[in-house]
Number of protein chains: 2
Amino acid sequence: MRILLIEDEKRLTDVIKKGFIESGFAVDQAFDGEEGLYLAEFESYDAVILDLMLPKIDGTSICKQLRDKKITTPILMLTAKTQLEDKITGLNVGADDYLTKPFEFAELKARINALLRRKYQQLENTIVIDDLEIDPIKRIVKRGNKIISLTPREFSILELLTRHKDQPITRTQIMEHTWDYNFDSLSNVVDVFIATLRKKVDNGHQKKLIHTVHGVGYKLSLR
Amino acid sequence: MRILLIEDEKRLTDVIKKGFIESGFAVDQAFDGEEGLYLAEFESYDAVILDLMLPKIDGTSICKQLRDKKITTPILMLTAKTQLEDKITGLNVGADDYLTKPFEFAELKARINALLRRKYQQLENTIVIDDLEIDPIKRIVKRGNKIISLTPREFSILELLTRHKDQPITRTQIMEHTWDYNFDSLSNVVDVFIATLRKKVDNGHQKKLIHTVHGVGYKLSLR
DNA sequence: ATCTTCAATCAATAAAATTCTCATACAAGC
DNA sequence: GCTTGTATGAGAATTTTATTGATTGAAGAT
């Protein structure tokens, strides 16, 4: 499960990101409207959390532009005050739900889950690469019908690699995707997780899926 | 792609440098304004990342002096706080973009990529020459749908050649683009890498893309 | 509260890949 | 034919990655 968080208050994004990562979500962040719009359009997310007040392009406008482009990803809007006006505008413009600050993280999460349930009522939505199958909604990973059980971090890393099949992903990218703060990231944790992922995903299989890109990072691909 | 990082916080430079090296950039660093100004003036970079607060000469002044000397290298400024004043000063003085700390590395990189795209007037993310396709951001190289895996140095050299399709590139230009300035240039490393690139890119293909320009260097072209 | 378990992290060493040097063979241009 | 420039293989030097075991810390059970 992968969500995009478009919000410029660093302290708030830290909390939200951490919370979702603990629940096994992958979280991408954008700190201004421009970046947010770009990511929402060209990457694929299960939901978007969108602040109303943003640098460069405001939330309402982002929402409108996305809907105009037929992008139907569920959007939950955040706003600073209970302003009926904003709320009406937001929903008119294509947002699916609405939450006013300040809020409890638990409530945000409950609402996101509600949106996701609605979106995925009985749809299957798995990513398949060769005989590896990963279901980000149910958080189930299988290789050739055999269920592989992964810890939250392992899952998060594998999900990132899977979504960028064939593309080398750097350790820095993995860190930023999986941990909440990264700027003291000169350790080899990523390498260690890759090692355990290999044990669980590739060991005993002819075809290895996790590949080292020397000097760069790792990638998931058939060869 | 070669960038200069002028910043005195060691921990920050470590992380930034690591991130860019993973992305295939050559990175020079300067820990004070004097050194930074010197390097920016006499070496050649694709972009400069410049902290505002620096020992000896501050960022604003460096920026101004470089522009006065008609050095047009794209400059991205870093500053500790969101200070509108600083921002205005920075942009007035000739910086091309601006980022406030703390930031995610991904955001820094996205902005640098934007500056580079502008510099090279490149609209598409992938560069295509005949059946060779290279995506510098995703770091994927293909020849006729077949993925070619390259080491960091190989990739960097091929990237340079593709960005300057049809024009001869000297060994010195290749060195400046791929190595940082600590490198001694009296060796034939470039020739050796060209040999391995030929093996990976041209071997087994009718059309050779990498050509020697005798007495000058190399070029990438259809014949 | 204490114990147990397992995930996450750190640190150290072993293993592997890349990068670089050097020697020699080959080609171009005069 | 001579000089200068280029190509490439092999191995040494360096850098990067893999892997393991010890340690820390948090969640659940008793």
Side-chain angles (χ1 to χ4, degrees), chain A residues 18-19 21-24 139 141 148-158 161 168-175 177-203 208-220, chain B residues 14 17-27 139 141 148-158 161 168-175 177-180 182-203 208-219:
Chain A
K18 192 168 175 228
I21 283 172
E22 278 166 7
S23 311
R139 289 179 45 77
V141 179
I148 299 171
S149 88
L150 299 178
T151 70
R153 304 244 132 125
E154 289 163 5
F155 186 87
S156 166
I157 294 173
L158 184 63
L161 293 176
I169 303 292
T170 68
R171 289 178 177 73
T172 304
Q173 285 176 304
I174 293 175
M175 288 241 174
H177 225 264
T178 304
W179 281 264
D180 50 311
Y181 210 71
N182 62 292
F183 264 0
D184 31 5
S185 64
L186 299 167
S187 91
N188 71 337
V189 250
V190 172
D191 300 51
V192 176
F193 275 100
I194 292 290
T196 67
L197 268 178
R198 280 182 162 141
K199 269 194 205 122
K200 293 185 178 182
V201 174
D202 275 346
N203 258 16
K208 307 296 180 196
L209 295 175
I210 300 171
H211 301 274
T212 303
V213 183
H214 212 273
V216 181
Y218 302 93
K219 72 174 178 184
L220 200 87
Chain B
D14 281 351
K17 185 172 182 182
K18 182 174 170 237
F20 277 106
I21 285 176
E22 285 173 345
S23 306
F25 287 60
V27 181
R139 225 203 100 99
V141 180
I148 298 174
S149 87
L150 298 177
T151 70
R153 296 259 133 104
E154 290 161 6
F155 186 88
S156 171
I157 294 173
L158 183 64
L161 293 176
I169 303 292
T170 68
R171 289 179 176 72
T172 305
Q173 284 177 305
I174 293 176
M175 290 228 178
H177 170 268
T178 303
W179 281 267
D180 57 43
N182 296 313
F183 192 73
D184 120 67
S185 59
L186 300 168
S187 98
N188 72 334
V189 253
V190 172
D191 300 50
V192 175
F193 276 105
I194 291 290
T196 67
L197 268 179
R198 281 183 161 138
K199 267 190 209 131
K200 292 187 178 182
V201 174
D202 276 345
N203 258 17
K208 306 298 179 195
L209 295 175
I210 300 171
H211 302 275
T212 303
V213 183
H214 199 95
V216 182
Y218 301 94
K219 72 172 180 184

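These numbers come from a predicted model, not from an experiment.
- R198(A) and T212(A) share a donor-acceptor pair across their side chains, judged by distance under 3.5 Å alone.
- Within 4.0 Å of V190(A), counting heavy atoms only, lies no atom of the nucleic acid at all.
- When rounded to the nearest whole Å, the span between CG of L150(B) and P of dA17(C) equals 16 Å.
- Listed by chain and residue number, P168(B), V216(B), K219(B) satisfy the side-chain contact (heavy atoms from CB on, under 4.5 Å) test with V213(B) (two or more places apart in sequence, or in another chain).
- Remark: K200(B) pairs with I148(B), L150(B), T151(B), E154(B) by the side-chain contact (heavy atoms from CB on, under 4.5 Å) rule, at least two apart or across chains.
- Computed from coordinates, the L197(A) CG to dT9(C) P distance equals 13 Å when rounded to whole Å.
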Expected rows: protein N/O vs nucleotides 19-22 of chain C N/O, under 3.5 Å:
unit_1	atom_1	unit_2	atom_2	d
dT19(C)	OP1	R153(B)	N	3.2
dT19(C)	OP2	T151(B)	OG1	2.3
dT19(C)	O3'	R153(B)	NH1	3.1
dC20(C)	OP1	R153(B)	NH1	2.8
dC20(C)	OP1	W179(B)	NE1	2.9
dC20(C)	OP2	R153(B)	NH1	3.4
dC20(C)	OP2	W179(B)	NE1	3.1
dT21(C)	OP2	S187(B)	OG	3.0
dC22(C)	N4	N188(B)	ND2	3.4

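- Although no hydrogens or angles enter the test, the distance criterion places a donor-acceptor pair under 3.5 Å between the side chain of T178(B) and the main chain of I174(B).
- Contact of the R171(A) side chain with the V189(A) side chain is not registered, since no non-hydrogen atoms from C-beta on lie closer than 4.5 Å.
- Each of V190(B), D191(B), T196(B) was evaluated against F193(B); a single residue qualifies, T196(B), per the side chain to side chain contact (heavy atoms under 4.5 Å, CB included) test.
- Judged purely by atom type and a 3.5 angstrom limit, D202(A) has no side-chain atom pairing as donor or acceptor with the backbone of K208(A).
- In terms of heavy-atom proximity, Y218(A) sits nearest to L161(A) at O-CD2, 3.9 Å.
- Counting to the nearest Å, the C1' atom of dT18(C) and the CD1 atom of I157(B) are 13 Å from each other.
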Can you check side chain to side chain contact (heavy atoms under 4.5 Å, CB included) on L220(A) and L158(A), steps first, answer last?
CA-CA 9 Å; L220(A) 200 87; L158(A) 184 63; 4.2 Å; yes
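- Residues S23(B) and R139(B) are not in side-chain contact: their nearest non-hydrogen atoms beyond the backbone lie 4.5 Å or more apart.
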Protein heavy-atom contacts under 4.0 Å, written 5' to 3' over nucleotides 24-30 of chain C as B (base), S (sugar-phosphate only) or - (none), form the string ----S--
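- With a 4.5 Å cut-off on side-chain heavy atoms, Q173(B) and H177(B) do not count as touching.
- With rounding to whole Å, D191(A) atom CG is found 14 Å from dT13(C) atom C1'.
- Axis deviation across the helix from dA1(C)-dT30(D) to dC30(C)-dG1(D) amounts to 30°, comparing end segments of five pairs, rounded to 10 degrees.
- If you walk DNA chain D from 5' to 3' and mark each nucleotide with an atom closer than 4.0 Å to a heavy atom of chain B, the marks span dG5(D) to dG9(D).
- Residues I194(B) and I210(B) are in side-chain contact: their nearest non-hydrogen atoms beyond the backbone lie under 4.5 Å apart.
- Here the shortest heavy-atom pairing between G215(A) and P152(B) reads CA-CG, 3.9 Å.
- Atom-to-atom, NZ of K199(A) to C1' of dA7(C) comes out at 13 Å; the value is rounded to the nearest Å.
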